[in-house]
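One structure is given here, and the rest of the page talks about it.
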Protein chains: 2
Amino acid sequence: MTITDAAPARLGDDVGACSSAPVDPCGSESSEARIIRDVLSRVGDKWSLLVIRMLHNGPLRFTQLQRSIDGISHRMLTQTLRNLERDGLVSRTSYPEIPPRVEYAATDLGRSLALPVLGLVEWASGNHASITDARDAFDAARD
Amino acid sequence: MTITDAAPARLGDDVGACSSAPVDPCGSESSEARIIRDVLSRVGDKWSLLVIRMLHNGPLRFTQLQRSIDGISHRMLTQTLRNLERDGLVSRTSYPEIPPRVEYAATDLGRSLALPVLGLVEWASGNHASITDARDAFDAARD
DNA sequence: CTGGATCCTTGAGGATACTG
DNA sequence: CAGTATCCTCAAGGATCCAG
């Protein structure tokens, strides 16, 4: 999703009738499609996973995050952090000092997300070569 | 990535110097960031995973895919299939008949991708409720 | 039926300036 | 230092038409 500049959004959060089965509740194909889209819109944006990843080792302040994430803009970091906080994946602790200090930390939920994500990363890292080769072959074939 | 309407693109495919370690080769933080972005730009678009998912059970024709994926446009299906084919995740078999028939199937690589993806889906499905709750709490808190 | 090509809308996301 | 608001750009992606 990656929130629009304004609105709270609230898109299809209609899990209602389905009991909490591990995968594909209600047996319909489209429900799994919804789940896939859900998870993708949550962590599939440009920065969320990188933030989660950085916070996996321990809490960090806003500026530390900004420096360590390379390329992220001030605006997108705030926005990404708000989203993650809203989804309960990251916690925010503000110390009323001068100058202000704010620490962000991954919640248990956030850390639990890191696991399956790591699976994906491993896959990517392990099959990077195959993909590159496939691309080269494909591009070569379409002379 | 989700290719632009034209260009072959070829962005940062510079794995060169790194030996093929399973995760985080070369030990630098930014290299893992690159991997994450790589995998996201490959499967993190709106449709790729859904196509991979549909093809996991067996080959399907273009129109079958379009009907089963709900919401995908003609244009995006072609585009997504081209990308997946280029990356070696999907194979395309065209039967020179009239009317033409084209079958798409997941390759071994494509099926291997489905595994870690399933992990993510399970996570999403298992923690959907927690996230929804977190959101409600968050939205309620900011009166 | 499959697959381009073209047009057009929308929103993600960067740059920047301003507040506490 | 942390956060918000405004402006602007550019590409993702839908609709549609044409071709083999």
Side-chain angles (χ1 to χ4, degrees), chain A residues 1-9 11 37 40-51 55 59-86 90-105 138 142, chain B residues 1-9 11 37 40-51 55 59-86 90-105 138 142:
Chain A
M1 185 178 67
T2 312
I3 58 166
T4 316
D5 276 62
L11 58 160
R37 255 198 282 268
L40 281 187
S41 61
R42 181 150 302 112
V43 301
D45 66 80
K46 208 173 171 186
W47 304 110
S48 291
L49 285 189
L50 295 173
V51 171
L55 292 178
L60 286 176
R61 309 180 49 169
F62 187 91
T63 328
Q64 292 178 313
L65 275 172
Q66 182 165 27
R67 267 195 304 264
S68 59
I69 294 198
D70 189 75
I72 193 170
S73 71
H74 189 166
R75 183 174 173 277
M76 286 321 290
L77 181 54
T78 332
Q79 199 166 102
T80 305
L81 285 170
R82 279 300 91 73
N83 284 334
L84 295 175
E85 190 194 355
R86 188 166 108 102
V90 155
S91 70
R92 190 190 107 111
T93 325
S94 152
Y95 300 88
E97 308 169 352
I98 287 233
R101 179 164 62 99
V102 180
E103 278 197 345
Y104 292 93
F138 186 89
R142 60 149 197 84
Chain B
M1 185 173 67
T2 315
I3 57 164
T4 315
D5 275 63
L11 57 161
R37 255 198 282 268
L40 281 187
S41 60
R42 182 151 301 114
V43 300
D45 67 81
K46 208 173 172 187
W47 304 109
S48 291
L49 286 189
L50 294 174
V51 172
L55 293 178
L60 287 176
R61 309 180 49 169
F62 188 91
T63 328
Q64 291 178 317
L65 276 171
Q66 183 166 27
R67 268 195 304 263
S68 60
I69 296 200
D70 191 74
I72 195 170
S73 70
H74 188 166
R75 183 176 173 276
M76 286 320 290
L77 181 55
T78 333
Q79 200 166 100
T80 305
L81 286 170
R82 280 300 91 73
N83 285 333
L84 294 175
E85 190 193 356
R86 188 166 106 102
V90 156
S91 70
R92 191 190 107 111
T93 325
S94 152
Y95 300 88
E97 309 167 354
I98 286 236
R101 178 165 63 99
V102 179
E103 279 196 347
Y104 292 92
F138 186 89
R142 58 150 199 83

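Not measured: the values here are computed from a predicted model. No hydrogens, no waters, no symmetry mates; every other heavy atom, side chains included, goes into these values. To find a chain, count down the sequence lines: A is the first, B the second, and so on, and within it residues start at 1.
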Could you pull out all residues at least two apart from B/Glu103 that satisfy side chain to side chain contact (heavy atoms under 4.5 Å, CB included)? B/Pro59, B/Arg61, B/Tyr95, B/Arg101
Please report the distance, rounded to the nearest Å, between CG in B/Leu81 and P in C/dC1. 16 Å
Nearest-angstrom distance from the residue atom CG of B/Leu77 to P of D/dA12: 17 Å
With sequence neighbours excluded, tell me which residues meet side chain to side chain donor-acceptor pair (under 3.5 Å) with B/Arg67. none
Would you kindly give the NZ-to-P distance between B/Lys46 and C/dG11, to the nearest whole Å? 11 Å
For atom NE2 of B/His74 and atom P of C/dC1, their distance in whole Å: 10 Å
Pick base, sugar-phosphate or nothing for B/Thr78, based on heavy-atom distances below 4.0 Å to the nucleic acid. sugar-phosphate
Which nucleotide in the list C/dG4, D/dA5, D/dA15 gets nearest to the side chain of A/Arg75? D/dA5
In chain order, what residues pass the side chain to side chain contact (heavy atoms under 4.5 Å, CB included) check against A/Thr80, with sequence neighbours excluded? A/Trp47, A/Ser48, A/Val51, A/Leu84
Under 3.5 Å donor-acceptor pair, A/Arg82 side-chain atoms to D/dT4 base atoms: no
Among the nucleotides D/dG14, C/dG14, C/dC1, which one has an atom lying closest to any side-chain atom of A/Trp47? C/dG14
To the nearest angstrom, the CD1-P distance between B/Ile72 and D/dG14 comes to 8 Å
Spacing between B/Met76 atom CE and C/dA5 atom C1', to the nearest angstrom: 15 Å
Measure CZ/A/Arg142 against C1'/C/dG4 and give the value in whole Å, please. 15 Å
Excluding sequence neighbours, so at least two apart, what forms ring pair (Phe, Tyr, Trp, His ring centres under 6.0 Å) with A/Phe62? A/His74
Measure across B/Val90 and B/Leu81 and return the closest heavy-atom pair with its distance rounded to 0.1 Å. CG1-CD2, 4.4 Å
Between D/dG13 atom C1' and B/Leu50 atom CG, what is the distance in whole Å? 15 Å
Closest heavy-atom contact between B/Asp45 and A/Leu40? O-CD1, 3.7 Å
A/Gln66: which residues meet the side chain to side chain donor-acceptor pair (under 3.5 Å) condition with it, sequence neighbours left out? none
Within residues 96-105 of chain B, find the residues that approach DNA chain D with a heavy atom at under 4.0 Å, and present them sorted by residue number. B/Pro100
